[in-house]
Amino acid sequence: MHMKVFFILILFSHYNLPYFEIEEDAFYLLVFHSGGGLIAYAESPAGNRMVYAQDRKGPPKKKIVVLGTGWAGTSFLKDLDISTYDVQLVSPRNYFAFTPLLPSVTCGTVEARSIVEPVRNIIKKRNGEIKFWEAECLKIDPVQKKVFCRSNIENLAGNNEFTLEYDFLVVALGARVNTFNTPGVLKHCHFLKEVEDAQRIRRAVIDCFEKAVLPGLTEEERRMNLHFVIVGGGPTGVEFAAELHDFVHEDIVKTYASVKDLVRITVIQSGDHILNTFDERISSFAERKFKRDGIEVITGHRVMGVTDRMINMKAKATGVDTSISHGMVVWSTGVGTRPVVRDFMERIGQDDRRALATDEWLRVKGCDDVYALGDCATEDIAEIFKAADKDHSGTLTIEEFHDVIDDIVIRYPQVEVYLKSKHLAHVTDLLKDKFVNNREEVDIEGFKLALSLVDKQTKSLPATAQVAAQQGAYLSSCFNKREECLQNPEGPRKFRSGGRHEFLPFRYRHLGQFAPLGGEQAAAELPGDWVSMGRSTQWLWYSIYASKQVSWRTRFLVIGDWMRRYIFGRDSSGI
């Protein structure tokens with residue numbers, strides 16, 4: 001009996017179980033379960049029964065819920081160490097799409113299935129499991145830390161709605177097309193945001209040609225059906241116009257020879273130039289090439305309304321209204337906020353913004369446990385000024401400014417980007433035209449003006465795959481080293497509360513951008529202010545886009561499609 005009592009007491013001590021009185025002739029059962037824990041059962045002659053259980057797995061894992069399977073969400077999950085987290089992924093689509101190639105899908109240069117990868121293939125992990133739920137997020141409750149979801153799979157047994165709790169929420173839902181409330185756009189225009197959009201455009205293009213060759217149509221009706229209009233002169237609109245031009249002149253003319261001379265492609269841009277986010281040399285090159293190819297570019301016009309046959313425009317300079325007929329319209333003018341994100345913004349007091357406000361660590365302002373891979377925001381500039389103004393004079397000298405320069409550059413990575421873009425040698429150059437009283441001092445208003453000017457011009461990162469992928473990779477690295485950085489912070493000073501931030505802020509590295517212009521020619525902005533245009537740039541585009549595929553499967557499929565198009569041409573079937 002004594003040996004039995006001694007053994008039981010050692011086990012209870014090792015597993016931190018509460019002791020109970022050891023009775024003579026009592027029955028004890030100790031069971032070690034497969035998870036590494038202990039279950040203890042005791043029954044005494046008097047009939048007293050006790051059951052204790054202890055799990056050796058330690059505290060439960062923190063729950064991370066990720067919304068979206070786009071570039072940001074996928075990049076976050078690929079690099080995340082899930083051995084210490086319970087991760088759940090929610091998206092209405094069970095695949096990841098390589099969206100930069102969507103314009104190629106519209107004309108059959110690349111097939112739709114070649115640019116998608118099943119998300120369950122991507123989230124396979126050796127050291128844990130990521131649970132995926134194919135559903136749409138309807139509402140985010142930041143107070144209860146819950147997300148409310150609904151499956152879009154109808155006509156099957158079971159409830160479609162469910163709720164998930166989270167400790168950390170990653171909102172990576174992307175954006176929807178921004179119509180600017182223009183009448184008729186939702187009803188009469190095509191968009192190019194999803195794979196389904198590209199497939200619909202492909203069918204619509206073929207339908208326009210099939211309708212145009214029917215007997216009994218007048219030439220004016222044929223011309224109207226074959227007038228393709230792209231609203232928006234950004235990268236997506238320009239690339240689609242180029243793809244459509246190549247499709248028509250390389251493949252369609254062989255199949256629909258009777259109407260080949262009636263095809264017309266028009267790009268409408270509200271700004272003064274197409275590709276206005278690129279270097280002006282690229283913009284000019286693209287406009288000259290489009291003019292040679294017969295693609296009409298209308299700049300300085302805003303679309304006021306769209307009907308089933310007409311587009312109404314207004315010239316920004318003169319205010320004159322004009323109208324043009326169309327057979328198909330593709331709307332590519334920017335992005336807007338999804339309804340679930342807009343509802344969430346209203347719940348946290350951000351209803352006056354166009355996108356979620358986040359800090360430099362991608363945390364949603366006002367919700368420390370919610371991260372959004374989108375626009376950046378800034379900390380109160382007044383707190384930085386107060387920390388630097390050591391003599392409380394109300395102005396900063398150059399010497400005082402030097403004391404916080406390093407933290408400012410780390411805290412605001414956009415400052416360094418701005419200095420390079422303006423060819424300024426040092427951070428102090430920001431303040432030179434803000435000095436007061438003819439002395440090398442700057443007051444709070446001048447300091448705010450200098451940093452807010454930088455923030456205004458550089459903090460709004462473009463809504464591109466490149467930005468989203470870098471944000472996802474950054475956030476996953478923060479989660480991977482979270483415990484370590486809580487003990488040893490690596491970030492800049494906290495000007496408001498003292499101490500240091502746990503992590504370095506997110507820093508976007510621009511790796512360049514491409515604009516395929518058709519005819520095996522492309523233009524590119526490369527790191528170091530390099531600009532490249534022509535056929536060699538198109539081959540660089542091929543190599544980079546092939547290397548950026550998320551799997552070897554899609555890489556081989558995309559390269560195979562390019563080879564198939566080169567040998568056999570594009571497929572003109574309406575499927």
Side-chain angles (χ1 to χ4, degrees), residues 103 175-193 197 201 204 208 220-221 223-242 244-245 262-337 342 351-355 375 452-453 456-457 460 462-463 515 517:
R176 64 175 180 175
V177 174
N178 192 349
T179 66
F180 301 99
N181 296 319
T182 306
V185 171
L186 290 175
K187 184 176 181 181
H188 302 295
C189 293
H190 292 271
F191 307 111
L192 193 48
K193 286 286 294 177
D197 295 334
I201 290 175
C208 288
E220 181 61 29
E221 290 172 332
R223 289 185 182 275
M224 180 184 296
N225 291 335
L226 296 178
H227 187 193
F228 301 95
V229 180
I230 299 96
V231 181
T236 302
V238 167
E239 186 173 349
F240 171 67
L244 182 60
H245 174 271
L262 305 181
V263 179
R264 181 183 171 195
I265 301 174
T266 301
V267 177
I268 302 174
Q269 166 73 338
S270 61
D272 296 330
H273 299 280
I274 60 174
L275 297 179
N276 53 11
T277 60
F278 284 70
D279 187 281
E280 61 182 18
R281 291 170 290 179
I282 292 179
S283 179
S284 299
F285 177 80
E287 290 175 353
R288 291 195 303 270
K289 186 179 186 307
F290 274 15
K291 186 176 181 179
R292 291 195 305 269
D293 292 343
I295 300 175
E296 182 181 7
V297 177
I298 301 175
T299 58
H301 282 68
R302 181 181 178 185
V303 174
M304 306 304 296
V306 182
T307 67
D308 59 342
R309 293 288 179 268
M310 305 295 294
I311 295 179
N312 304 315
M313 303 179 294
K314 176 178 288 188
K316 295 173 65 175
T318 63
V320 176
D321 293 329
T322 55
S323 297
I324 59 174
S325 60
H326 68 82
M328 188 186 79
V329 181
V330 174
W331 187 273
S332 177
T333 61
V335 295
T337 307
R342 174 58 59 188
D351 50 306
D352 58 340
R353 290 182 53 86
R354 66 176 182 84
D375 287 351
S452 62
L453 178 65
K456 179 180 179 181
Q457 296 195 21
S460 296
L517 301 174

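The number of heavy atoms from other shown groups lying within 6.0 Å of CZ (R302) does not exceed 12.
Once rounded to the nearest 0.5 Å, the distance linking CG of L275 with CD of E280 reads 13.0 Å. L244 contributes atom CG, which lies 4.0 Å from atom CD1 of I265 (distance to the nearest 0.5 angstrom). Separation of atoms NE2 (H301) and OG1 (T322) is listed at 4.5 Å; rounding is to 0.5 Å. Here the OG atom belonging to S332 is positioned 10.5 Å from the CD atom belonging to E239, to the nearest 0.5 angstrom. The distance from atom CG of L262 to atom CE of M224, rounded to the nearest 0.5 Å, is 13.0 Å. A distance of 8.5 Å separates CD of E296 from CD1 of I268, quoted to the nearest 0.5 Å.
Contact annotation: the side chain of K193 approaches that of V335 to within less than 4.5 Å [non-hydrogen atoms, C-beta and beyond]. A heavy-atom distance below 4.5 Å is found between the side chains of M313 and I324. Side-chain contact check for F191 versus T333: every heavy-atom pair is 4.5 Å or farther apart.
At a cut-off of 3.5 Å, with distance as the only test, no side-chain donor of D272 or T299 sits close to an acceptor on the other residue.
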Taking only distance into account, with no hydrogens and no angle test, what donor-acceptor pairs under 3.5 Å do side-chain atoms of residues 228-235 form with protein atoms, sequence neighbours excluded?
none

Please tabulate, for the side chains in residues 176-184, all donor-acceptor contacts under 3.5 angstrom to protein atoms that are two or more places apart in sequence or on a different chain.
from: R176; atom 1: NE; to: T337; atom 2: O; distance (Å): 3.0
from: N178; atom 1: OD1; to: F180; atom 2: N; distance (Å): 3.0
from: T179; atom 1: OG1; to: N181; atom 2: N; distance (Å): 3.3
from: T182; atom 1: OG1; to: T179; atom 2: O; distance (Å): 2.8

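In terms of heavy atoms, I295 sits closest to A241 at CD1-O, 3.9 Å. Closest of all the heavy-atom pairs between A175 and G336 is CB-O, 3.1 Å. Closest of all the heavy-atom pairs between H326 and D308 is CE1-O, 3.5 Å. When every heavy atom of G327 is checked against every heavy atom of C208, the shortest pair comes out as O-SG, 4.0 Å.
Formation of a donor-acceptor pair under 3.5 Å by the H245 side chain with backbone atoms of D293 is found in this model. No donor-acceptor distance shorter than 3.5 angstrom exists from the side chain of H227 to the backbone of N225, with no hydrogens or angles considered. Between the side chain of S283 and the backbone N or O of I274 there is at least one donor-acceptor pair closer than 3.5 Å. No donor-acceptor distance shorter than 3.5 angstrom exists from the side chain of K314 to the backbone of M304, with no hydrogens or angles considered.
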Working note: M328 + H190, criterion side chain to side chain contact (heavy atoms under 4.5 Å, CB included); need CA distance, chi angles, decisive distance, verdict.
CA-CA 8 Å; M328 188 186 79; H190 292 271; 3.5 Å; yes

For a side chain to side chain contact (heavy atoms under 4.5 Å, CB included) check, start with the C-alpha distance between E287 and H273, then their side-chain angles and the critical distance, and finish with the verdict.
CA-CA 8 Å; E287 290 175 353; H273 299 280; 3.1 Å; yes

